[in-house]
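Worksheet: one structure, shown below.
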Amino acid sequence: MVRTVYSPEYCLQYLEQYASQEIFVMGLILGQVTDARENVIHLARTPEEKSGDTLTESSYTSEKLDPVKNLLAVSEAWVADHAKHVTRMLPGGMFVQGIFITSDEDIFEDPNYFSKVKSILNYTYKVLSSNQLMFANCPDLNERLVLHMSTNTKVLTCKSIEVGALNKSVSIKPVEWKFLSKPQHWQRLDCYYEFDDVYPVIVKKSGISVKQQFQQILESAHKTIETSVMFIDGELKDGSEQLEQLVKKKKSKMNTKTTQDLPKSMHVSLFVPFENSLPETVEYLECDGSIHFSGVVSSSVFMYPKATVSEAITAVKQDIIRSLASRFTMHCDALIDDNLLPEEKVCFNEPPRRVLVPVGSMYLCDYLFPGEAPAEALLSVRELLDLQITEADVICDIETPADTSEFDALDRDTSSEELLATPQEASQFMYITGISFALLVLVVSIFIHYYNGISEFISKLLPKT
């Protein structure tokens, strides 16, 4: 059976725009794969390579290199870096599905060009697979799309190519590409995941960096979110049920013939199971400090209506982890000092907050650091997604800046233990690091300590026999 891909009609116009100029253009295919259908949402041209090793915000203003005139001159690392940055902007359930090319060469028949195509796909696959929590876990496993439009004949050809294969012989399959004249309808699911966790900081002899500590926290958060149970609109749903069936059931309950009265999105709640069993032995751990995360992470995913509840659950959980990983990476890259523990007793930090940017009939995201205006997102959208939007198109109210008034009012001499007793309330999550003084911290030991204290208190209240 031939693999079929559906995409909006403006993607065809996008390709024809560059093909008509008879120039070489290369970019990324962004889309979603479900058991019901494979949808492409956007084609994003890879920006011209600039001086520097990676595609960072500073490289936007860097000196441009000579324009690449053919596929053989493309840098695999530059395409992979573009894929990394674009993936951060994709909601859960969306991935970089492959690459597109407009050129006058037949990239599938010419061995040199086809070898370059495989090299680009494999290098990008390797780079994205190195960070499973942010970039990997694409449902189509080890196949990527290659879409080519000839600048001479305007003929469109698409094939799927196996990636990650150790042998030189790779699987190549034809793909049928269909353009939709009507906009694709998406089912939106919104979730607000609350963070209020304290993690110990242990500085080993070799030291520990901010990035290392955040990676440990991210892995811990991933385990917690993966074990959580997801409720849609307050109800536990059957994983095999399609999302559009849920809408139809809600529509019948409301006795309405139109969807105007129905909510535009489904509300998702994640409940983490409580582990009520304690280990037989209790370990005490001496910590050098603690880091406290507090606030709410906003999540909005867009699913094909015939996608199942199980696929939606995976996308929501993936979106939260991808968003956390993106913020941690951006925050670490912006730090001047990689030392986790500050010289002060406490230190307040606010990672970048999430904003939404429109792409067709759905939204992707970007991140703004404290003090940055919505106009900052326009640069990323233009460079990374090849889209022209206005500042008014950016939705900035899904996460509000953290409220630091309570933190600012605190005495800097207050110990970290006193600070963490009054967590901040903020829409966007933040974290506070503090140096502890001979502080022995472990969740189990804290629980037992308070449990014993409560038991003694209750025993004093009971009458003696």
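These values consider heavy atoms only, across backbone and side chains, with no hydrogens, waters or symmetry-generated copies.
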| Checking salt bridge (Lys or Arg N to Asp or Glu O under 4.0 Å) for the pair Asp319/Arg354: CA distance, chi angles, key distance, verdict? | CA-CA 12 Å; Asp319 184 72; Arg354 199 176 208 176; 2.8 Å; yes
| message | Let's go through Tyr10 and His42 carefully: what are the C-alpha distance in whole Å and the side-chain angles of both, what is the deciding distance for side-chain hydrogen bond (donor to acceptor under 3.5 Å, both in side chains) to 0.1 Å, and is it a yes or a no? | response | CA-CA 9 Å; Tyr10 80 81; His42 185 62; 3.2 Å; yes
Separation between [atom1] of [X] and [atom2] of [Y], rounded to the nearest 0.5 Å:
X: Ser220; Y: His222; atom1: OG; atom2: NE2; value: 11.5 Å
X: Ile99; Y: Thr124; atom1: CD1; atom2: OG1; value: 7.5 Å
X: Phe271; Y: Phe231; atom1: CZ; atom2: CZ; value: 5.5 Å
X: Ser7; Y: Gln184; atom1: OG; atom2: CD; value: 10.5 Å
X: Lys84; Y: Thr329; atom1: NZ; atom2: OG1; value: 8.5 Å
X: Cys191; Y: Ile232; atom1: SG; atom2: CD1; value: 10.5 Å

Under a 3.5 Å cutoff, is there a donor and acceptor pairing between the side chains of [X] and [Y]?
X: Tyr192; Y: His267; result: no
X: Gln212; Y: Gln216; result: no
X: Asp386; Y: Tyr14; result: yes
X: Glu399; Y: Ser298; result: no

| message | Looking at Lys116, I'd like to know if its NZ atom is crowded, meaning that more than 12 non-hydrogen atoms belonging to other residues, nucleotides or ligands lie closer than 6.0 Å. | response | yes
Hey, are the side chains of [X] and [Y] touching, using non-hydrogen atoms and a 4.5 Å cut-off?
X: Tyr193; Y: Ile225; value: yes
X: Ile398; Y: Leu356; value: yes
X: Arg88; Y: Arg322; value: no
X: His331; Y: Phe214; value: yes
X: Cys365; Y: Val355; value: no
X: Leu243; Y: Leu246; value: yes
X: Leu378; Y: Glu391; value: yes
X: Gln97; Y: Arg144; value: no

| message | Would Val86 and Leu364 count as a side-chain contact (heavy atoms from CB on, under 4.5 Å) here? Give the steps. | response | CA-CA 10 Å; Val86 167; Leu364 304 190; over 6 Å; no
For [X] and [Y], work out which heavy atoms get closest and say how close.
X: Pro352; Y: Met330; value: CG-CB, 4.2 Å
X: Leu387; Y: Pro358; value: CD1-O, 4.0 Å
X: Pro91; Y: Ser300; value: CB-O, 3.4 Å
X: Ser323; Y: Val297; value: OG-CG1, 4.1 Å
X: Asn122; Y: Gly164; value: OD1-N, 2.8 Å
X: Met362; Y: Phe302; value: CE-CB, 3.7 Å

| field | Steps toward side-chain hydrogen bond (donor to acceptor under 3.5 Å, both in side chains) verdict (Asp196, His292) | value | CA-CA 7 Å; Asp196 192 12; His292 179 204; 2.9 Å; yes
| query | Can you list the steps and then say if Leu385 with Leu30 is a side-chain contact (heavy atoms from CB on, under 4.5 Å)? | reply | CA-CA 10 Å; Leu385 300 179; Leu30 315 180; 4.1 Å; yes
| field | Verdict with reasoning, Glu76 to Ser119, per side-chain hydrogen bond (donor to acceptor under 3.5 Å, both in side chains) | value | CA-CA 7 Å; Glu76 288 89 343; Ser119 177; 2.8 Å; yes
Side chain [X], main chain [Y], donor-acceptor under 3.5 Å:
X: Trp78; Y: Pro47; value: yes
X: Ser130; Y: Val127; value: yes
X: Gln245; Y: Gln242; value: yes
X: Gln32; Y: Tyr304; value: yes
X: Glu376; Y: Ala373; value: no
X: Asp81; Y: Ala77; value: no
X: Lys317; Y: Glu226; value: yes
X: Asp238; Y: Glu241; value: no

| Check: Phe293 ring centre within less than 6.0 Å of Phe328 ring centre | yes
| Passes side-chain contact (heavy atoms from CB on, under 4.5 Å), Ile29 versus Val96? Steps please. | CA-CA 6 Å; Ile29 302 172; Val96 174; over 6 Å; no
| request: With salt bridge (Lys or Arg N to Asp or Glu O under 4.0 Å) as the test, would you mind laying out the steps for Glu143 and Arg3 before giving the verdict? | output: CA-CA 11 Å; Glu143 291 186 358; Arg3 181 178 177 181; 3.4 Å; yes
| query | Do Arg327 and Tyr367 meet the cation-pi criteria used here (NZ or CZ under 6.0 Å from the six-membered ring centre, within 45° of the axis)? | reply | no
| Chi angles and distances behind the side-chain contact (heavy atoms from CB on, under 4.5 Å) call for Leu270, Ile320 | CA-CA 11 Å; Leu270 292 180; Ile320 296 172; 3.5 Å; yes
| query | What do the steps show when you test Asp190 against Arg188 for salt bridge (Lys or Arg N to Asp or Glu O under 4.0 Å), and what is the final call? | reply | CA-CA 7 Å; Asp190 291 327; Arg188 177 172 173 171; 2.9 Å; yes
